[in-house]
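Below is one structure, written out as structure tokens; the observations come after it.
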Amino acid sequence: MRDIVLYFYQNLYKIIKLTLNTMNFSSEQPKIIVVGSSSIDLVLETEKVPCGNETVIARNSESYFGGKGANQAVAAARLGASVYFVGCVGMDPLGQQIMRNMVGENVNVGFVFETDRESTGTAYVTTSEGNAAIVVVPAANNYLSVEHVEAADKYFHTADLILIQLEVSMKVIEYTAKKAKRFGKKVGLYASPAQRLSNELLDNVDFIIAKSSELHIIFGEDQREVILKKYFNKVFVRDDVNSTVYFDGTEMKYCRNDEDRTVHKMGMGDAFTAGFAIALCHKNSIEECVKFGNEVSARVSAKKGSQTGLPRISDFIS
Ligand SMILES: OC[C@H]1O[C@H](O)[C@H](O)[C@@H]1O
């Protein structure tokens, strides 16, 4: 018995690889454009997340690279895609750090603009028992404009897929989705932080990732089943325990990783979105895309910060 247990643990890595084996990686390198936010996250670890007028003491404070757009760009690049990030930072040391980090992660920063009107975006995160409460200060991210996205025009022709989230202006988001559709490109949206989506935006995106607790804000409807049936194979709802549910046209599909590796619940939705997008670019089935997204998300949650634990393509193929 002891030998069997030992064998299991020694080969855990291979077993995980085998379970993911149905995921296909084609020889084509996916080309992805991420339009969105970048920030520096200040993470405070506390006994409990403060509420009301409460004061709590943090065990420590650490800073990490973050911002939903930047997280998705780094995730996609680590998974082997050629990635352009279109974003805006302040003319300050934090902006420079973000640029250097992206360059180090092989993300093309040719369309990262600088503004002198605001400082680089930041996020203040209180984490307790794995949960994370996040307050975002968009700052320079609010200065990302339609003209900035227009500047990346010629790359929209060559891209396979465009990723957007909701941390830059809705005008930019809607413009990006419309433009991508015009070029016949696939568009993925991580609908966070939750906002009501217009019908036009809903029509222009191919897949939407949403948190279970925010459906009523995003769709103006809180019956999960109604939303999933209306947007089958298009809306993917995630809950707190890294499980994903969607309707495939015939039945509800639930996907959950058995093993809970969560240390911090930061950047899980971004990681899922990027993983899903990569799997889609490699022409996998929706079910495989969801499984792969869940795995990428589980891995990021195993380390502190929104980017630290993001896996690399070499973790999946030798
Ligand atoms: O999705 C996680 C991200 O949300 C906030 O934007 C933080 O920057 C963090 O990195």
- Item | Backbone N/O of Ser82 and side chain of Asn106: donor-acceptor pair under 3.5 Å | no
- Task: Say whether Leu189 and Ile33 are linked into one hydrophobic cluster, either directly or through other cluster members, by side-chain heavy-atom distances under 4.5 angstrom.
- Result: yes
- Query: Counting only heavy atoms not in Glu54, do more than 12 fall under 6.0 Å of its CD?
  - Reply: yes
- Query: With no hydrogens and no angle check, is any side-chain donor or acceptor of Ser39 less than 3.5 Å from a backbone partner on Gly67?
  - Reply: yes
- Within the distance-only criterion (no hydrogens, no angle test), does the side chain of Thr115 pair as donor or acceptor with the backbone N or O of Arg117 below 3.5 angstrom? yes
- Would one find more than 12 heavy atoms of other residues, nucleotides or ligands at under 6.0 Å from atom CG of Asn199? no
- Query: Can you name the closest pair of heavy atoms from Ala271 and Val300 and give their distance?
  - Reply: CB-CG1, 3.7 Å
- Under 4.5 Å between side-chain heavy atoms, hopping through other hydrophobics if needed: is there a path connecting Ile286 to Val235? no
- Report yes or no: does Thr120 contribute a side-chain atom to a donor-acceptor pair with the main-chain N or O of Gly95 at less than 3.5 Å? yes
- Message: For Gly269, is there any backbone N or O sitting under 3.5 Å from a side-chain donor or acceptor partner on Thr273?
- Response: yes
- Message: Using every non-hydrogen atom in the two residues, find where Val34 and Gly69 come nearest and quote the distance to one decimal.
- Response: CG1-O, 3.3 Å
- Query: Salt bridge check: are Lys291 and Glu287 linked by an N-O gap of less than 4.0 Å?
  - Reply: no
- Can you name the residues that form a ring pair (Phe, Tyr, Trp, His ring centres under 6.0 Å) with Phe65, not counting sequence neighbours? none
Contacts table for residues 205-219: side-chain donor-acceptor under 3.5 angstrom, sequence neighbours left out:
unit_1: Asp206; atom_1: OD1; unit_2: Lys181; atom_2: NZ; d: 3.2
unit_1: Asp206; atom_1: OD2; unit_2: Lys181; atom_2: NZ; d: 3.1
unit_1: Asp206; atom_1: OD2; unit_2: Val187; atom_2: N; d: 2.7

- Message: For residues 80-105, which residue pairs pass the salt bridge (Lys or Arg N to Asp or Glu O under 4.0 Å) check, not counting sequence neighbours?
- Response: Arg78-Glu105
- Message: Strictly by ring pair (Phe, Tyr, Trp, His ring centres under 6.0 Å), give each pair with a member in residues 80-108 just once, sequence neighbours left out.
- Response: Tyr84-Phe111, Tyr84-Tyr155
- Looking at Arg59 and Glu47, does any basic side-chain N land under 4.0 Å from a carboxylate oxygen? yes
- Task: Applying side-chain hydrogen bond (donor to acceptor under 3.5 Å, both in side chains), name anything that partners Asn101, two or more places apart in sequence or on another chain.
- Result: Gln307
- Item | For Glu114, all residues meeting side-chain hydrogen bond (donor to acceptor under 3.5 Å, both in side chains), sequence neighbours excluded | Gln96
Name every donor-acceptor pair, under 3.5 Å, that has one atom in a side chain of residues 133-150 and the other anywhere in the protein, sequence neighbours excluded.
unit_1: Asn141; atom_1: OD1; unit_2: Ser38; atom_2: N; d: 3.0
unit_1: Asn141; atom_1: ND2; unit_2: Ser38; atom_2: O; d: 3.0
unit_1: Asn141; atom_1: ND2; unit_2: Pro138; atom_2: O; d: 3.0
unit_1: Ser145; atom_1: OG; unit_2: Glu147; atom_2: N; d: 3.4
unit_1: Ser145; atom_1: OG; unit_2: Glu147; atom_2: OE1; d: 3.3
unit_1: Ser145; atom_1: OG; unit_2: His148; atom_2: N; d: 3.3
unit_1: Ser145; atom_1: OG; unit_2: His148; atom_2: ND1; d: 3.3
unit_1: His148; atom_1: ND1; unit_2: Ser145; atom_2: N; d: 3.0
unit_1: Glu150; atom_1: OE2; unit_2: Tyr175; atom_2: OH; d: 3.4

- Under 3.5 Å donor-acceptor, Asp41 side chain and Ser306 backbone: no
- Using the test side-chain hydrogen bond (donor to acceptor under 3.5 Å, both in side chains), find all partners of Glu251 that sit at least two apart in sequence or belong to another chain. none
- Presence of salt bridge, Glu129 and Lys48, under 4.0 angstrom: no
- Message: Under the side chain to side chain contact (heavy atoms under 4.5 Å, CB included) test against Lys253, which residue among Tyr246, Phe232, Phe236 passes?
- Response: Tyr246
- Message: Closer than 3.5 angstrom, by distance alone: can the side chain of Gln165 be matched with the main-chain N or O of Ser192 as a donor-acceptor pair?
- Response: no
- Query: Who are the side-chain hydrogen bond (donor to acceptor under 3.5 Å, both in side chains) partners of Glu118, not counting sequence neighbours?
  - Reply: none
- Identify the two heavy atoms, one from Asn284 and one from Ala279, that lie closest to each other, and give their separation to 0.1 Å. ND2-O, 2.9 Å
- Using the side-chain hydrogen bond (donor to acceptor under 3.5 Å, both in side chains) rule, take Thr244 and Arg256 through it: C-alpha gap first, then chi angles, then the decisive distance, then the call. CA-CA 6 Å; Thr244 308; Arg256 181 175 179 176; over 6 Å; no
- Message: For Asp239, is there any backbone N or O sitting under 3.5 Å from a side-chain donor or acceptor partner on Ser243?
- Response: no
- Donor-acceptor side-chain pairing of Thr126 and Tyr124 below 3.5 angstrom: no
- Task: Check the pair Glu295, Met23 against side chain to side chain contact (heavy atoms under 4.5 Å, CB included), reporting the backbone distance first and the verdict last.
- Result: CA-CA 11 Å; Glu295 177 60 24; Met23 159 83 181; over 6 Å; no
- Message: Going by side chain to side chain contact (heavy atoms under 4.5 Å, CB included), name the residues that satisfy it together with Ala302, two or more places apart in sequence or in a different chain.
- Response: Arg261
- Mind checking side chain to side chain contact (heavy atoms under 4.5 Å, CB included) for Met252 and listing every partner two or more places apart, or none if nothing turns up? Glu225, Leu228, Lys229, Val245, Phe247, Tyr254
- Applying ring pair (Phe, Tyr, Trp, His ring centres under 6.0 Å), name anything that partners Phe183, two or more places apart in sequence or on another chain. His157
- Under the side chain to side chain contact (heavy atoms under 4.5 Å, CB included) criterion, do Leu166 and Ile173 qualify, and how do the steps go? CA-CA 7 Å; Leu166 301 179; Ile173 294 158; 3.7 Å; yes
- salt bridge (charged side-chain N to carboxylate O under 4.0 Å, His left out) between Lys230 and Glu221, worked out: CA-CA 11 Å; Lys230 180 168 179 193; Glu221 157 73 63; over 6 Å; no
- Task: Could you tell me whether the side chain of Asp315 and the main chain of Arg312 form a donor-acceptor pair under 3.5 Å?
- Result: yes
- Message: Could you walk me through whether Asp160 and Lys185 satisfy the side chain to side chain contact (heavy atoms under 4.5 Å, CB included) test, starting with their C-alpha distance in whole Å, then the side-chain angles of each, then the deciding distance to 0.1 Å, before giving a yes or no?
- Response: CA-CA 6 Å; Asp160 298 310; Lys185 306 299 173 183; over 6 Å; no
- Is the number of heavy atoms from other residues, nucleotides or ligands under 6.0 Å of Lys303 NZ greater than 12? no
